[in-house]
**Student:** 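Take this structure first; my questions come after.
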Amino acid sequence: MKTVYIPAGETVKYESLVTENLIVDGCLKVVYGVKAKSISGRGVISAGTVYADDISIGEIEAAAVVCVRAAAKRIDAPEVYASEALAVSCFLSAAYVETGKLTVALSDVDEAKADEIIHLPSADKSLLGMLIASFFRSLRARLFAKPAVGEVLDADFEPFRKKNAADVDPMEPALDEEKANSGEKNNPEAEPVDEELNRVVSLFKLSREAGYTLRLIPGTPEENAPVFDFAAETIVQKAA
C-alpha cells in the first residue's frame, strides 16, 4: 500500500505496518513497528517502533522513534533519534534524545545530544507557530551571540616532588605522633610476624579452653620433660 489513512474518530490496529505515506487523524495502534516514508496527521500513534523520513503528527507513544525530521505535539519514547531536527510543541518525555536541532517547550529528558537546543515558552502550542518561533530564535542566536574570547585553559597543576628539609611542615611530627598513638604505622614496611610467639599463644589459649594450664619448668632438659600418657590420660614425670 502506498498510502494508509486513518480517519478522525476511528481506531485501527495492526501487528506491523509498512507503507509509503501514513496519514493518521484518528488512532493507530501497532504491536511491533511502523515504517513509512512520511507520517502526518493530527492523531495518535502507539507502536513498538516508528521509522520514517518525515514525521508531522499529533502524538507518538513508542519504544523508539527513528527519523530524519520530526514535529509533534507530544512524544513519549525512551529513545528518539532525528538526524536533522526534532520539534515538540507540548511535551517531550524520553530517556535519550539525539538530533541535530532540538526545539522543545516542556520536556523530561535524561540525556540529550544535539548541536543546537532551543527552549520555547509553552504558549506556542501550534506546530507551525513553534517552527516559526524556533527559526527566528535560532537566527537571532547566530547573529547576536558573542563568540568566546580567549583561550580556555586547563586547571593549574604541579608535579609531585620529594620534600626538602625546608619544605617540611612543622605540624607534621605532631600528626605522626598522633597516628602512632592511634595505632597507625608510619613505616610502609610491615613488621615481621613472629610465628613462634603466635604458636605459643595459640597453644596457651587452646589448653586453657580444654581445662589445662601450661607450666614452665626452668632448667628442665628436653629429655627429662614430663610426658603426657594419652592412653592413661596422665602425666608421667621423668626423673631429672
Side-chain angles (χ1 to χ4, degrees), residues 1-120 122 124-142:
M1 294 181 292
K2 290 187 177 181
T3 302
V4 175
Y5 173 63
I6 311 297
E10 293 189 9
T11 300
V12 179
K13 299 180 180 180
Y14 290 95
E15 286 192 2
S16 61
L17 178 61
V18 179
T19 183
E20 186 172 346
N21 300 313
L22 176 60
I23 304 173
V24 180
D25 287 333
C27 180
L28 173 63
K29 295 183 179 181
V30 182
V31 177
Y32 298 109
V34 175
K35 293 184 179 181
K37 186 175 182 180
S38 66
I39 299 175
S40 61
R42 300 184 300 272
V44 178
I45 296 178
S46 177
T49 55
V50 177
Y51 295 90
D53 292 343
D54 296 295
I55 298 177
S56 177
I57 195 68
E59 183 174 350
I60 294 179
E61 181 180 357
V65 178
V66 180
C67 61
V68 178
R69 293 167 295 272
K73 193 173 183 179
R74 284 179 295 270
I75 293 180
D76 185 0
E79 297 180 350
V80 180
Y81 301 90
S83 59
E84 291 187 5
L86 173 64
V88 182
S89 62
C90 183
F91 184 72
L92 170 63
S93 176
Y96 180 77
V97 175
E98 184 173 350
T99 183
K101 178 182 178 181
L102 174 61
T103 304
V104 65
L106 298 178
S107 63
D108 182 11
V109 178
D110 294 339
E111 182 181 357
K113 182 179 180 182
D115 298 334
E116 183 180 4
I117 299 178
I118 299 176
H119 290 276
L120 295 178
S122 56
D124 298 327
K125 296 184 181 298
S126 65
L127 291 177
L128 180 60
M130 184 179 188
L131 295 177
I132 295 175
S134 172
F135 171 77
F136 284 106
R137 289 203 176 198
S138 177
L139 181 62
R140 183 180 63 181
R142 295 176 182 177

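Starting from 1, each residue takes its place in the sequence as its number. Only a predicted model underlies this, so the values are computations on that prediction, with no experimental measurement involved. Keep in mind that the numbers below use all heavy atoms, side chains included, and drop hydrogens, waters and symmetry copies.
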**Student:** Would you give the length of the straight line joining atom NZ of Lys37 to atom CD of Glu20, rounded to the nearest 0.5 angstrom?
**Tutor:**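 Going from the NZ atom of Lys37 to the CD atom of Glu20 covers 5.5 Å.
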**Student:** Hey, are the side chains of Val50 and Ile39 touching, using non-hydrogen atoms and a 4.5 Å cut-off?
**Tutor:**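 A side-chain contact under 4.5 Å exists here.
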**Student:** Search all heavy atoms of Cys67 against all heavy atoms of Ile55 and return the closest pair with its distance.
**Tutor:** CB-CD1, 3.8 Å
**Student:** Is any side-chain heavy atom of Val80 closer than 4.5 Å to a side-chain heavy atom of Leu86?
**Tutor:** yes
**Student:** Counting distance only, does the side-chain N/O of Thr103 pair as donor-acceptor with the main-chain N or O of Ala87 below 3.5 Å?
**Tutor:**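 Checking the backbone N and O of Ala87 against the side chain of Thr103, no donor-acceptor pair under 3.5 Å is found.
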**Student:** Quick one: pull up SG in Cys90 and CD1 in Ile75 and give me the separation to the nearest 0.5 Å.
**Tutor:** 11.5 Å
**Student:** Looking at every non-hydrogen atom in both residues, tell me the closest pair between Thr99 and Leu102 and how far apart they are.
**Tutor:**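 Result for this residue pair: CG2-CB, 3.8 Å.
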**Student:** Is atom CZ of Arg42 surrounded by more than 12 heavy atoms (other residues, nucleotides or ligands) closer than 6.0 Å?
**Tutor:** no
**Student:** Please report the interatomic distance OG1(Thr3) to CD1(Ile23), rounded to the nearest 0.5 Å.
**Tutor:** 6.0 Å
**Student:** How far apart are the closest heavy atoms of Ala62 and Pro78, and which atoms are they?
**Tutor:**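 That would be O-CD, 3.2 Å.
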**Student:** Closer than 4.0 angstrom, basic N to acidic O: yes or no for Lys73 and Glu59?
**Tutor:** no
**Student:** Using side-chain heavy atoms (C-beta onward) and a distance below 4.5 Å, is Tyr14 in contact with Val4?
**Tutor:**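 They are in side-chain contact.
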**Student:** Supply the atom-to-atom distance Ser89 OG to Leu106 CG, rounded to the nearest 0.5 angstrom.
**Tutor:**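 Here the rounded value is 10.0 Å.
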**Student:** Please lay out, stage by stage, how Val30 and Ile45 fare under the test side-chain contact (heavy atoms from CB on, under 4.5 Å).
**Tutor:** CA-CA 8 Å; Val30 182; Ile45 296 178; 5.8 Å; no
**Student:** Side chains of Ser38 and Asp54: is there a donor and an acceptor less than 3.5 Å apart?
**Tutor:**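 Side-chain D/A pair, Ser38 to Asp54: absent.
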**Student:** Using side-chain heavy atoms (C-beta onward) and a distance below 4.5 Å, is Tyr96 in contact with Tyr81?
**Tutor:** yes
**Student:** Any chance you could measure Glu111, atom CD, to Glu79, atom CD, to the nearest 0.5 Å?
**Tutor:** 10.5 Å
**Student:** Kindly indicate whether the side chain of Leu22, heavy atoms from C-beta on, has any atom under 4.5 Å from the side chain of Val34.
**Tutor:** yes
**Student:** Please find the pair of heavy atoms, one from Val65 and one from Ala77, that lie closest to each other, and give the distance.
**Tutor:** CG2-CB, 4.1 Å
**Student:** If we only count heavy atoms from C-beta on, is the Val44 to Val24 side-chain gap below 4.5 Å?
**Tutor:** no
**Student:** Return the minimal non-hydrogen interatomic distance between Tyr32 and Ser16, and the atom names on each side.
**Tutor:** CB-CB, 4.4 Å
**Student:** To the closest 0.5 Å, what do you measure between CG (Asp115) and CD (Glu98)?
**Tutor:**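 These two atoms lie 9.5 Å from each other.
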**Student:** Got Ile118 and Val104 here, is their nearest side-chain heavy-atom distance under 4.5 Å?
**Tutor:** no
**Student:** Is the closest side-chain donor-acceptor distance between Asp25 and Tyr5 under 3.5 Å?
**Tutor:** yes
**Student:** Give a yes or no on whether the backbone of Lys2 and the side-chain of Thr19 come within a donor-acceptor separation of less than 3.5 Å.
**Tutor:** yes
**Student:** Between Val66 and Thr49, is there a side-chain heavy-atom distance shorter than 4.5 Å?
**Tutor:** no
